[in-house]
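Structure, as structure tokens:
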Amino acid sequence: MSEKLLSIDDVRVTFPHDKFEKFHAVNGVSLEVEPGETLGIVGESGSGKTMLALSMMGLVPRPGIVDGGNIHLLGQPIDRLSEKQLSTIRGRDVGMVFQDPMTGLNPVRKVGSLLIESIQRHRSRSRAEARDLALNTFIEVGIPSPEVRLDSYPHQLSGGLRQRVMIALALVNHPPLIIADEPTTALDATIQAQILELLKVKLSKSALILITHDLGVAAEICDRVAVMYHGKIMELGFMNDVLDNPAHPYTAGLLAAAPRFDWNRPDLEPIPGSPPEAGSIVPGCAFKPRCGFASPACEDAPNMKISSYRELACHHPLFEEFSDGY
Amino acid sequence: MSGLLPRLRIASKHRRPDIQLIIGGLACITILILTIGKDFFAPGDPLSGDIMDRFKPMFEGKYVLGTDQLGRDLWTRVFAGLPWSLGIACVATLIAMTVGTSAGLIAAWKPGPVRTVINRMVDTIIAFPGLVIAICIIAAIGRGFWPLAITLGVLTWPFYARVVYAEALGLMERNYVLAAQLYGVPSRWILIRHVLPGLRPTLLVMLAFHFADMLIAESALSFLGLGAPLQAPTWGNMLAESRQYLFNAPWMMLVPAAAIVVVVVTLNLIGDGIAATTRSKARAVE
């Protein structure tokens, strides 16, 4: 049993392709999360970020399955628990903020009743006590006139408010780990900044896994970052370190393609080509077709190389420490 | 209070109420009042009449709706049939809706053998001629209120099961069901608290039409002698008796038939009204 909050070891999420073939949406990912830290998982659409997050909650949608590796949350093997055991863990030990606040709230239920439901599910509280707790959580996440909002239906709330409700739902039972899957994608820029601020401040006691396609968002609040591509982690390291010294050509490409205000640069350089389709099978290194450093060695998938502060899967790393002894 | 809620209330006040729903609702309330106050509106005895006054046509003397072959007042008899017909339709609808909705929800939630068994059962009952099953059940347990209500319920629950199954499959794909799983709501709660409320408009519409169908089915079975006890003053029995005197005393057929038509049309208006309102409400939310 691990002492880490969450430890994931060589996890694969597999979907059947046709009768004989299958493909890996998540293809051998290992990572660990310590209590209280913020880990960003960055990747393009279809890189398997969301599937990885759902596998951590035992909610990979059918017909997908987790067919390999271990997922331990607080020492509990998530991938081997029954649905019943899982439902006691969800919300209590791990909360999730959902990608789309517009569809994540039941339109025929008052938002307060959802919170009360979650509280009563995990703690023995009377309805009045649960309502008080829900009210406090609404105040905590900065919902104005919370007493009224408890009795509002989702369609009466704006997008930003709905996302605050989703966050309230995730943290109402104070789980030690919160997973936020693209929490700001559906919101406009000002609301996005507010929600990020909220996540940063309110979740200081919980660990947070922030899943995003936006390096800027991750840079804002994450301690560490994992860059995913086609179901695999390409590079994992401390946020500032990775931003300053990317070791993987893909990370470097992402950074070169991102607009920055503090960096006087005439042009953004896009990464040529487009990512492999989710579900396609690319032999060797998945980034090889788009990589400027590709060589015959890349026909073999690179193993994860681990130094004290960085993990990397590449045959042609961009700086010295990783380029020898392999 | 923020400005949001009052504004929404005004908006809903301005939504035009559906005319069918208003007419249907008023008619329905009238029917309910007539049923409850039946002893006041029709104080006579539906089972006895003056044999000298047999076959009196409508509006003759004190008989507003005429009399039948034994001189019994049709006005009194048609009122006496109200609680029986409405009661059977009510119980049958409730049985069918409860059983059918539960079966449909379970089939949608549990793929595999459970779903297959429920769906095949639904197919079988729908494919089997209902009248044959009705005759079998009534032959086995006899006539009367409960046998008839249960028979009709058993025969028609598959229609609810089928509709609920299809709708629930769609609702369960919604993100809010996934979100509910994410904060640890157990399956049973999700079905009852998250999926079932979304089925409410569909079930309401089905309820209105199904109630009307049950009313007709009850009359039909009574007409065939499979429903009410033979002497009971029910609309189906009255129709059956009127058959012999159709050309001499057509009002004997017209009165119970008109009663059935009025109630059925009322229910259909309500059903259409609910359907129209929920549709426009759904548009307003989107």
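Numbers restart at 1 for each chain; the letters A, B, ... are given by sequence-line order, proteins then strands. These values consider heavy atoms only, across backbone and side chains, with no hydrogens, waters or symmetry-generated copies.
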Practice problem: Go through the atoms of A:Ser118 and report whether side chain, backbone, both or neither lie under 4.5 Å from a heavy atom of chain B. | Solution: both
Exercise. Write down the atom of A:Val108, the atom of B:Gly198, and the distance for their closest heavy-atom approach.
Key: CG2-N, 4.0 Å
Quiz item: Looking only at heavy atoms, which two atoms of B:Ala179 and A:Gly104 are closest? And how far apart?
Solution: CB-O, 3.3 Å
Exercise. Would you mind checking which part of A:Glu147 comes under 4.5 Å of any heavy atom in chain B, side chain (CB onward), backbone (N, CA, C, O), both or neither?
Key: neither
Quiz item: Going from CG on B:Leu182 to CE on A:Met166, what distance comes out if it is rounded to the nearest 0.5 angstrom?
Solution: 7.5 Å
Quiz prompt | Nearest non-hydrogen partners of B:Gly184 and A:Arg121, listed with the distance | solution = O-NE, 2.7 Å
Quiz prompt | Residue part contacting chain B, namely of A:Val94, when any heavy atom lies under 4.5 Å | solution = backbone
Quiz item: Would you say B:Tyr176 and A:Pro107 make side-chain contact, with heavy atoms under 4.5 Å?
Solution: yes
Quiz item: Can you name the one residue among A:Leu59, A:Leu54, A:Leu86 that meets side chain to side chain contact (heavy atoms under 4.5 Å, CB included) with B:Gln181?
Solution: A:Leu59
Self-check item: Polar side-chain atom of A:Arg90 near backbone of B:Val185 as donor-acceptor pair, under 3.5 Å
Solution: no
Quiz item: What are the two closest heavy atoms between B:His194 and A:Asn106, and how far apart are they?
Solution: O-ND2, 3.1 Å
Quiz item: Above 12 or not: heavy atoms from other molecules or residues under 6.0 Å from NZ of B:Lys38?
Solution: yes
Quiz item: Of the non-hydrogen atoms in B:Tyr183 and A:Leu114, which two are nearest, and what is the gap between them?
Solution: OH-CD2, 3.4 Å
Quiz prompt | Rounded distance (nearest 0.5 Å) linking atom CG of B:Leu178 with atom CE of A:Met57 | solution = 9.0 Å
Quiz prompt | Per-residue contact mode, A:Ile89 against chain B (heavy atom under 4.5 angstrom) | solution = neither
Quiz item: Checking A:Arg109 against chain B: side chain, backbone, both or neither under 4.5 Å from a heavy atom?
Solution: side chain
Practice problem: Might you confirm whether atom CZ of B:Arg120 has over 12 heavy atoms from other residues, nucleotides or ligands at distances under 6.0 Å? | Solution: yes
Practice problem: Taking atom CZ of A:Arg123 as the centre, report whether more than 12 heavy atoms of other residues, nucleotides or ligands fall under 6.0 Å from it. | Solution: yes
